[in-house]
Amino acid sequence: MSNNQIYLCSKCDAQFPKWAGRCEACGAWGSIKEEDAAPDVGRRTSDVKINPAPIISFADAGKFAPAILRPTGLSGLDLTLGGGLVDGSITLVAGEPGIGKSTLLAQLGLVLSANDKTVLYVTGEESPAQIKRRLDRLSPSLPEKFHFLDETAAEVIAATIEQEKPDLTIIDSIQSLRLSELPGEAGSVGQVKACAATLAAAAKQSNRPIILVGQVTKEGDVAGPRVLEHVVDTVLFLEGERNHHYRLLRALKHRFGPTDEVALLAMTEKGLEPVLDISSELMKDRAANVAGSIVTCLMEGHRPALIEIQALITPAGYGTPVRRTTGIDSARLGMLLAVLARRAGINALDKDVYVNAAGGMDARDPSIDLAIAFAIAGALKNAPLDPRLAVFGEIGLGGEVRPISLPELRLKEMARLGFTQVIVPKGQSRVPTGSLRATEVSTLNEALKILGLE
Ligand code: TYD
Ligand code: MG
């Protein structure tokens, strides 16, 4: 065995000095292969002349044109991108399987190609026939300029982009590509990174945008979006509860604009449709006069979104009581149940407790603590609350109610949707909001007393 041999796992790229049947790093069996070690890098030999690069003053930086965001025409996507796609950029759209990434990008391809732009859809994951079926479902006619390429070799795709220069290339998905000059299976960390870098170079060279689809799996995801974050310009995340019809599209990284805009989309038979008035949409299915329901307000990016929190409490069966949540942090629920019991004498510790953020929204935010506490107290006492009542505030372990961010925007949204009473943390009722009356509280007990739930 010569010195420059190493053993590399084709799944996770871990390196070992010796062969083994199972990779110690990722646990894969039979994935370790012998490879030539990379030549020493970083050592400069005197016979290689390296030319220095010119440096530029920041004062002259005005000479560099700002990135131009080109609207795509798909409003949810343009919102999260801060305006549109940038020429020569590379964007990763990540999400769990079945969440709607291919649907969203098929819609994008249809909109752009209908506007006379050439779009190339590279399918490594599904067959062209499957993609075609999806497109037929989304649109009665297929624009001439929407093309597909059934290919998984990254270097071939890059060469095609550089030659054809399509106005947009969609790669579905990055995990299905392989660069033939590198070891490792498609989807391994090394392959995913190298394929993305090859495509990023093609995007720069052709000065056209490329969108990569990235699969994220809950368990054991070795080559998720994290490893691509620094290779791409933008990372968008499509998330939601798969069984509900709402999806959130948010930017985790965006080199050309802010990352705090979020688009709410609804999955329909016609694909993902933007929901413009989030609060009205989420309030419209609210059941009247049910104990254990209360409205609070989340911030989705810059936009307030009213959301209903529901609790259901039943006598516990045999064994440990059940705690089930949807869209709510279950550790937070445990803490709130303990605080309710110890600080307010509202004891649901020995009961089965179910708490939902209605509509399948992700409400893991401490600003909804007070709403969860009211929903639980209301459910336990079987006392429906006034449907025009809303609440926000964080709860501490001592039963104190803490201020939250952006109270003005949340109050305005509650007033807009016709709420008449709101309970808020001390010092957070500043804004005059028409017929909405805000009552400040500094403890959970005070809040429960106002509602007659203590
Ligand atoms: P898909 O876009 O294939 O998800 P991903 O690419 O993220 O794996 O599909 C998501 C789901 O959406 C799929 O179960 C079918 C459904 N769907 C609709 O409800 N309406 C539609 O118009 C389309 C195209 C798909
Ligand atoms: Mg897909």
Side-chain angles (χ1 to χ4, degrees), residues 72-77 80-81 91-114 119-143 146-152 154 157 168-178 186-187 192 195-196 199 210-226 228 232 234-252 262-275 281 359-362:
T72 63
L74 209 60
S75 64
L77 193 65
T80 15
L81 288 170
T91 301
L92 174 70
V93 174
E96 284 175 31
I99 205 75
K101 301 178 294 301
S102 302
T103 305
L104 183 71
L105 296 176
Q107 287 178 274
L108 173 63
L110 284 167
V111 166
L112 282 176
S113 55
V119 178
L120 181 61
Y121 200 111
V122 186
T123 67
E125 195 120 309
E126 294 167 294
S127 70
Q130 276 174 301
I131 308 273
K132 174 82 162 52
R133 225 171 299 137
R134 180 181 291 119
L135 293 174
D136 285 338
R137 186 170 163 184
L138 291 168
S139 167
S141 65
L142 296 185
F146 203 171
H147 304 280
F148 74 86
L149 172 64
D150 187 8
E151 180 61 71
T152 54
I157 298 167
L168 173 69
T169 305
I170 297 163
I171 313 269
D172 194 357
S173 68
I174 187 70
Q175 275 94 355
S176 61
L177 303 194
R178 218 181 153 269
V192 163
C195 290
L199 291 165
I210 296 182
I211 296 183
L212 308 177
V213 170
Q215 300 288 8
V216 181
T217 50
K218 271 197 180 123
E219 66 287 324
D221 177 53
V222 260
R226 290 276 143 190
L228 284 180
V232 300
T234 301
V235 180
L236 300 183
F237 227 91
L238 187 62
E239 61 190 27
E241 297 280 335
R242 219 184 318 173
N243 309 329
H244 288 84
H245 73 293
Y246 296 115
R247 303 284 184 270
L248 287 174
L249 184 67
R250 62 172 93 237
L252 294 189
V262 178
L264 182 70
L265 305 165
M267 183 60 95
T268 68
E269 303 88 76
K270 289 255 146 266
L272 288 158
E273 301 281 353
V275 178
E281 178 81 19
M361 296 285 287
D362 185 352

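When a ligand or atom number is given, it counts from 1 through the structure's own listing order.
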Yes or no, since that's all I need: does a protein heavy atom fall within a distance strictly under 4.0 Å of atom 11 (C) of ligand 1? yes

Just which atoms of ligand 1 are under 4.0 Å from any heavy atom in T268? 18 (C), 19 (O), 20 (N), 21 (C), 22 (O)

So which protein heavy atom does atom 13 (C) of ligand 1 come closest to, and at what separation? G98 O, 4.5 Å

Quick check on contacts: which atoms of ligand 1 are under 4.0 angstrom from a heavy atom of E269? 21 (C), 22 (O)

So if I count the atoms of ligand 1 from 1 in the order they appear, which ones are less than 4.0 Å from some heavy atom of T103? 1 (P), 2 (O), 9 (O), 23 (C), 24 (C), 25 (C)

Atoms in ligand 1 flagged as close to L138, the criterion being non-hydrogen separation under 4.0 Å: 22 (O)

Nearest protein heavy-atom contact for atom 6 (O) of ligand 1: which residue, which atom, what distance? S102 OG, 2.7 Å

Check whether any N or O atom of K101, backbone or side chain, sits under 3.5 Å from an N or O atom of ligand 1, and answer yes or no. yes

I99 and M267: which non-hydrogen atoms are nearest, and at how many Å? O-CE, 4.1 Å

At a threshold of 2.8 Å, where the distance has to be below it, does the Mg ion (ligand 2) have an N, O or S atom of T103 nearby? no

Closest heavy-atom contact between A196 and L212? CB-CD1, 4.1 Å

What protein heavy atom sits nearest atom 4 (O) of ligand 1, and how far off is it? G100 N, 3.1 Å

Going by distance alone, is a donor N or O of one side chain under 3.5 Å from an acceptor N or O of the other, for Q215 and K101? yes

Quick one: does G271 get a heavy atom under 4.0 Å from ligand 1? yes

Quick one: which ligand 1 atoms are inside 4.0 Å of a heavy atom on E96? 7 (O)

Check G124 against T152 and note the closest heavy-atom contact, atom names and distance. CA-CG2, 3.8 Å

Would you say that V232 contacts T91 through its side chain, given a criterion of any heavy-atom pair below 4.5 Å between the two side chains? no

Applying salt bridge (Lys or Arg N to Asp or Glu O under 4.0 Å), run through R134 and E126 and close with a yes or a no. CA-CA 11 Å; R134 180 181 291 119; E126 294 167 294; 2.9 Å; yes

What is the minimum heavy-atom distance between A263 and G76, and which atoms define it? CB-O, 3.5 Å

Under a 4.0 Å heavy-atom limit, does M267 contact ligand 1 with its side chain, its backbone, both, or neither? side chain

Which residue and atom name correspond to the protein heavy atom nearest atom 15 (C) of ligand 1, and how close is it? R137 NH1, 4.7 Å

Examine the side chains of T123 and D172 and answer whether a donor and an acceptor come within less than 3.5 Å of each other. no

Can you list the ligand 1 atoms lying under 4.0 Å from a non-hydrogen atom of R134? 1 (P), 3 (O), 24 (C)

Check whether any side-chain heavy atom of Y121 lies under 4.5 Å from a side-chain heavy atom of I131, and answer yes or no. yes

Give the numbers and elements of all ligand 1 atoms closer than 4.0 Å to a heavy atom of P97. 8 (O)

Note: T80 and V262 closest approach over all heavy atoms is CG2-CA, 4.1 Å

